[in-house]
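Beneath this line is the structure, given in structure tokens, with notes to follow.
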Amino acid sequence: SREDKIINVQGMTCEHCVKHVTKALEKLPSVERVQVSLENSQATFNYNPSQVTLADIRAVIEDAGYSMDNAE
Ligand code: 9UX
């Protein structure tokens, strides 16, 4: 089933960074309603954990040049 998730994203310093992270997350299967906050260094989204793992999410964040923690 779908669930909401909040992750911390390190390395964003401008609104272009926010767009890069948003687009990276939106490419993943099942990920919807992506909201990225520069001020809070966080990304929130709704997804289906049976279709995409937090390891997958970490990978696209890192490929975009940022890093992610609190992946519980
Ligand atoms: Mo945010 Mo990166 O500018 O060039 S997109 S620092």
Side-chain angles (χ1 to χ4, degrees):
S1 60
R2 305 190 64 88
E3 60 182 64
D4 293 320
K5 184 70 186 176
I6 302 174
I7 60 171
N8 290 337
V9 179
Q10 283 78 48
M12 297 188 294
T13 58
C14 78
E15 286 298 332
H16 293 119
C17 298
V18 169
K19 283 196 165 48
H20 291 154
V21 171
T22 301
K23 288 183 181 302
L25 291 171
E26 287 176 341
K27 285 178 184 165
L28 289 165
S30 84
V31 174
E32 296 176 356
R33 286 187 253 146
V34 179
Q35 294 292 328
V36 178
S37 167
L38 176 62
E39 183 175 26
N40 297 327
S41 297
Q42 285 184 334
T44 65
F45 51 88
N46 182 268
Y47 80 127
N48 187 333
S50 72
Q51 294 186 49
V52 62
T53 68
L54 289 173
D56 296 329
I57 290 165
R58 180 189 299 279
V60 297
I61 296 276
E62 291 183 351
D63 284 350
Y66 307 94
S67 60
M68 166 178 152
D69 72 10
N70 83 323
E72 75 277 12

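If you're wondering where the values come from, they're calculated on a predicted model, not measured in any experiment. As the structure lists them, so they are numbered: ligands from 1, and atoms in each ligand from 1. For the single chain, residues carry numbers from 1 onward in sequence order.
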Looking at atom 6 (S) of ligand 1, what's its closest protein heavy atom, distance included? Thr13 OG1, 3.0 Å
Closest non-hydrogen protein atom to atom 3 (O) of ligand 1, residue and atom name please, with distance?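 Looking only at protein heavy atoms, the one closest to atom 3 (O) of ligand 1 is Cys14 SG, 2.3 Å.
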Which of the ligand 1 atoms, numbered from 1, are nearer than 4.0 Å to a heavy atom of [X]:
X	value
His16	5 (S)
His20	5 (S)
Cys17	1 (Mo), 2 (Mo), 3 (O), 5 (S), 6 (S)

Any salt bridge (Lys or Arg N to Asp or Glu O under 4.0 Å) involving residues 17-28? Give me the pairs, sequence neighbours left out, ordered by first then second residue. none
Can you establish whether the number of heavy atoms outside Glu39 located under 6.0 Å from its atom CD is more than 12?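 No, not enclosed.
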More than 12 heavy atoms from other groups under 6.0 Å of CD on Glu62: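 Counting other residues, nucleotides and ligands, CD of Glu62 exceeds 12 neighbours.
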Distance col, row Ile61:CD1 vs Leu25:CG, nearest 0.5 angstrom, shows 4.5 Å
For Phe45, the ring pair (Phe, Tyr, Trp, His ring centres under 6.0 Å) test, sequence neighbours excluded, returns Tyr47
Check each heavy atom of Met12 against ligand 1 and say whether those closer than 4.0 Å belong to the side chain, the backbone, both or neither.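 Contact part for Met12 vs ligand 1: neither.
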Quick one: does Leu54's side chain get under 4.5 Å of Lys5's, heavy atoms only? yes
Quiz question for you: does at least one protein heavy atom lie closer than 4.0 Å to atom 1 (Mo) of ligand 1?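 At least one protein heavy atom is under 4.0 Å away.
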